[in-house]
Amino acid sequence: MRYPLLPALLCALMTTALTAHSATYKYTDENGETVYSQSPPPSGAQGAEKLKTPQRRSANDSTGQKTKDAAAAFNERREERKTAEEDQKKMQKAEADRKKQCEQMRQDVETLTTKPVVRRASEDGGEPAVLTAEEREAEVKELRESLKKNCK
């Protein structure tokens with residue numbers, strides 16, 4: 001024989017084809033248990049019924065494309081939601097930073113208006129310089145304008 005595996009291959013293919021299209025039965029046996037089988041139920045079985053089996057779809061069926069389209073749409077919506085959540089977090093962080101800056105400006109105004117002597121560190125790293133009354137007034141005016149504009 002030239003092809004010794006050919007008969008075995010044909011038998012396997014036929015068995016697969018037959019089982020793919022065989023019916024499935026559901027019934028209750030004499031012990032009261034539900035049985036699912038590919039062979040018909042015995043004559044005394046209760047509640048015997050033939051179940052519908054899903055039919056195979058052909059390769060040229062459009063459901064594969066529909067599934068791909070649905071998956072792509074799902075992924076797109078998920079990315080949009082993720083982007084929206086990231087934007088929301090950025091906005092919340094920006095708002096928290098703005099509130100923190102506003103609170104700091106309020107504290108600076110309080111310090112400039114209530115403390116008799118206010119010192120500021122020098123830019124060159126030397127000794128802190130005491131602010132004059134004019135410098136304090138100018139700084140208070142600038143801070144209040146900034147508070148009015150940015151911290152409503």
Could you list the residues that satisfy side chain to side chain contact (heavy atoms under 4.5 Å, CB included) with Q107, not counting sequence neighbours? E103, Q104
P40: side chain to side chain contact (heavy atoms under 4.5 Å, CB included) partners, not counting sequence neighbours: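 By the side chain to side chain contact (heavy atoms under 4.5 Å, CB included) rule, P40 matches Y25.
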For [X], which residues count as a side-chain hydrogen bond (donor to acceptor under 3.5 Å, both in side chains) partner, sequence neighbours excluded?
X	answer
T34	none
E33	none
R81	none

Take atom CZ of R119 as the centre, draw a 6.0 Å sphere, and report whether it contains more than 12 heavy atoms from other residues, nucleotides or ligands.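 Open: at most 12 neighbouring heavy atoms sit under 6.0 Å from CZ of R119.
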With rounding to the nearest 0.5 angstrom, report the [atom1] to [atom2] distance, [X] to [Y].
X	Y	atom1	atom2	result
N150	Q101	CG	CD	8.5 Å
R98	C151	CZ	SG	5.5 Å
D97	K99	CG	NZ	11.5 Å
D108	S146	CG	OG	10.5 Å
K89	E86	NZ	CD	7.5 Å

If you look at every heavy atom in V118 and T111, which pair is closest and at what distance? CG2-O, 4.0 Å
Are N75 and E79 close enough that a side-chain donor and a side-chain acceptor fall under 3.5 Å?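 There is no such pair between these side chains.
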Using the salt bridge (charged side-chain N to carboxylate O under 4.0 Å, His left out) rule, collect all pairs that involve residues 127-149, keeping only residues at least two apart or in two chains.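 Matches after skipping sequence neighbours: R120-E139.
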